[in-house]
Amino acid sequence: MRGASRLAALLTAAAALTIDVVALSNISRQGRFLYDTSGTRFYIKGVAYQPQGSVTTSADNPFEEPSTFVDPLADDSGCSRDLPFLQKLGVNVVRVYSVNSSLNHDSCMSALSGAGIYTIIDLSLPLNGSIDRDSPAWSTNLQDQYIETINTFSKYDNVLAYNVGNEVVTASNETDAATFIKAAARDIKAYLASKNSSALVGYAAIDGDDDFVAPLANFLSCDPSGSNSGSTAIDLYGLNNYEWCGNATPSVYADKNALFSNYNVAAYFSEFGCVSSPPRLWTEVAALFSQPMTGEWSGGIAFSYFPAASAAGQFGMVNISSDGTTVTVSNDFNLLQAQYAQASPPNSPSASSTANFPACPTQNSTWLASASLPPTPDDAACSCLDSTFACKFSPPTSNTSTTVGPLLDEACGLLGQAGGNCDAISANGTTGTYGPVSFCDPSTKLSYTFNQFYLATNLQASSCDFAGNATVVSGEPTNSAAASSAASSCLAAVPATFTPSAPATTAGSSSSSSTSGSSSGSSGSGNNNNGALGVFSEHAMVGAFVSALFSVLGGLLVLA
Ligand SMILES: *[C@@H]1O[C@H](CO)[C@@H](O)[C@H](O)[C@H]1NC(C)=O
Ligand SMILES: *[C@@H]1O[C@H](CO)[C@@H](O)[C@H](O)[C@H]1NC(C)=O
Ligand SMILES: *[C@@H]1O[C@H](CO)[C@@H](O)[C@H](O)[C@H]1NC(C)=O
Ligand SMILES: *[C@@H]1O[C@H](CO)[C@@H](O)[C@H](O)[C@H]1NC(C)=O
Ligand SMILES: *[C@@H]1O[C@H](CO)[C@@H](O)[C@H](O)[C@H]1NC(C)=O
Ligand SMILES: *[C@@H]1O[C@H](CO)[C@@H](O)[C@H](O)[C@H]1NC(C)=O
Ligand SMILES: *[C@@H]1O[C@H](CO)[C@@H](O)[C@H](O)[C@H]1NC(C)=O
Ligand SMILES: *[C@@H]1O[C@H](CO)[C@@H](O)[C@H](O)[C@H]1NC(C)=O
Ligand SMILES: *[C@@H]1O[C@H](CO)[C@@H](O)[C@H](O)[C@H]1NC(C)=O
Ligand SMILES: *[C@@H]1O[C@H](CO)[C@@H](O)[C@H](O)[C@H]1NC(C)=O
């Protein structure tokens, strides 16, 4: 027996060596399943991997979304500390909710790759770095942020997918935001193709009311053009699902399975692991990795490696010592390890290249998203426009994330009284109406509005002030006809959709110094949850937690 185990150890070492030098297989989506290059079905056996950021608990933040983050893939020592534990857990994917594109990730990404571990990278960031469910838009600043992250990660062989959003839509009356999520998927997919990247495009959804969960999934993978084209479709739909609590039975998944029985792209549980009846037994793993679940789903991500507090309870399966050097595992960890070790999902069906992109869900009172998507955000058009204003936003600090929203509301209110309106900067995902400036970053939208008000009030100095936030620029058009013609020449050549390119500078999105550091115009309503939001899976609760945050464009409609 000794000889045999030594041989086994040698073989393991040889295998490890091989893994070190051979790139990981690309994983592709064929129809509704994932396959590696040998044609073997690929299942996500994953864990969420990100320390929890700071969370301010308030009525404005019902989902306890963090306002900061720590990038675990840029923490070399933390990553090498954790790698043996991730290997012991038996995972082949880690999901990371926020990364910093300006940091170096080489060491951790290559260590994970060497261990056969892929990553799912969420492209959004806390606060202003994600599509705002209360005032949704798909704009240059977000697209630039997403592209910068892709540029940082595209050299690695172990990015399985990029998520364009996490739990942006949390209730039926926020489903208009899906229009912008789908536009993000379209443009990011085109960008990845232009880089020859084989990474998949994903979205991770809250598990809420049936009225919107299935339509949202179907909308993100549908073809508005009716030509069986996947150009606006995600590849990978994630459901943050916490239905299985304690030692449940597979029947808890029956309803969800039925909703996804005809789904056309790959689906998985982007979070699972209910904490309401501890200790967590993780018996859902056996169900998720066998029939009938494997007929609809491609695995899932257990939530979470690191401790994570939430309204639903304390998640996490390890503790890190205060000096950051030692990992202590809990029973949660051991039980999940045992369950993952036993998971043996079927290698079927085999790959079929038949593409099926059905028509989009019809709009009704609980499904608001129009299949007329907003245009691709165009950096060049916005910076051109930004250089034509006789009155401009001139923030005293580059951090404008809390001032842009109130200033926009104020400026649009005043513009309305002066006989104008904010239609040009407004986007409406329900009617599918997008003002020509609606894809620009919030600072450019604000400058546009300041300028409109300045022109509408015949260049009164007091109209270009806004308590010191606006400044007159000389040499720019000072009457409406000339301003409109200058704006048109910036915007005229913009096609509705095109393959975006990387932003001009790696550091920022805007070529205009006074608008760099733009913000989304929300009062901190990013949707980057760093996990555990899907715990509100009881339908009544989801409805009760609709956020009541300050909404910029919502306010515009009250203008006469
Ligand atoms: C990324 O890291 C840089 C360098 O530490 C830091 O200045 C910047 O604020 C970080 N960005 C984000 C979005 O956290
Ligand atoms: C993508 O692949 C094509 C065809 O192999 C090649 O011509 C092109 O240079 C590649 N583009 C990038 C960005 O690597
Ligand atoms: C994976 O796909 C990329 C992009 O298409 C390609 O450059 C690379 O060679 C592929 N890797 C493997 C191991 O097939
Ligand atoms: C709206 O349509 C979706 C299907 O796309 C359906 O699930 C939902 O129940 C409908 N809502 C109403 C109020 O009929
Ligand atoms: C982690 O620390 C918390 C708080 O001290 C404790 O409740 C929990 O049991 C610890 N978990 C592990 C894995 O040691
Ligand atoms: C969010 O705000 C920060 C601080 O003002 C800024 O640096 C960043 O560019 C903004 N991000 C987006 C996507 O607008
Ligand atoms: C920007 O200012 C807001 C409010 O003062 C603050 O919460 C946020 O952390 C700041 N962001 C940066 C990147 O400094
Ligand atoms: C979009 O337009 C519809 C119809 O005019 C309106 O009811 C809805 O409130 C608008 N939505 C937004 C976000 O402005
Ligand atoms: C700019 O606008 C903000 C928000 O209304 C306000 O708090 C601030 O006092 C204004 N002036 C300056 C110089 O920041
Ligand atoms: C969405 O519906 C909830 C009730 O479920 C309501 O409180 C909230 O005001 C609505 N939000 C919008 C944007 O209509």
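For ligands, and for the atoms within them, numbers begin at 1 and follow the listed sequence.
- Checked against a 3.5 angstrom limit, the closest N/O atoms of S401 and ligand 6 fall outside it.
- Residue-to-ligand polar distances keep Q145 apart from ligand 6: every N/O pair is separated by 3.5 Å or more.
- For atom 9 (O) of ligand 1, the protein comes within 4.0 Å by no heavy atom at all.
- Close contacts between ligand 1 and F69 involve ligand atoms 14 (O) [criterion: under 4.0 Å to a heavy atom].
- Nearest protein neighbour of atom 13 (C) of ligand 2, counting heavy atoms only, is S194 O, 3.6 Å.
- Although no hydrogens or angles enter the test, the distance criterion places no donor-acceptor pair under 3.5 Å between the side chain of R95 and the main chain of D122.
- Short contacts between ligand 1 and S102, defined as distances under 4.0 Å to a heavy atom of the residue, involve ligand atoms 1 (C), 2 (O), 3 (C).
- By the definition of a contact as any protein heavy atom under 4.0 Å away, atom 2 (O) of ligand 2 is in contact.
- Scanning all protein heavy atoms for the shortest distance to atom 6 (C) of ligand 2 gives N196 ND2, 4.1 Å.
- Of all atoms in ligand 6, listed by their number and element, those nearer than 4.0 Å to a heavy atom of T400 are 5 (O).
- Between the side chain of S113 and the main chain of S110, no donor-acceptor pair closer than 3.5 Å is present.
- Side-chain N/O atoms of Y305 and D82 include a donor and acceptor closer than 3.5 Å.
- Among all protein heavy atoms, the one lying closest to atom 12 (C) of ligand 1 is N100 ND2, 3.4 Å.
- Of the N and O atoms on the side chains of S154 and S197, not one donor lies less than 3.5 Å from an acceptor on the other residue.
- Of all protein heavy atoms, the one closest to atom 4 (C) of ligand 1 is L103 CD2, 3.9 Å.
- With I150 as reference, L123 is the one residue of I121, V159, L123 to meet the side chain to side chain contact (heavy atoms under 4.5 Å, CB included) rule.
- Between the side chains of T397 and N399, no donor-acceptor pair of N or O atoms lies under 3.5 Å.
- Residue S398 has at least one heavy-atom neighbour below 4.0 Å for each of these atoms of ligand 6: 5 (O).
- Ring geometry, H105 versus F153: the interplanar angle falls from 30° to 60°, so the pair is classed tilted.
- A side-chain N or O of T37 and one of S25 form a donor-acceptor pair less than 3.5 Å apart.
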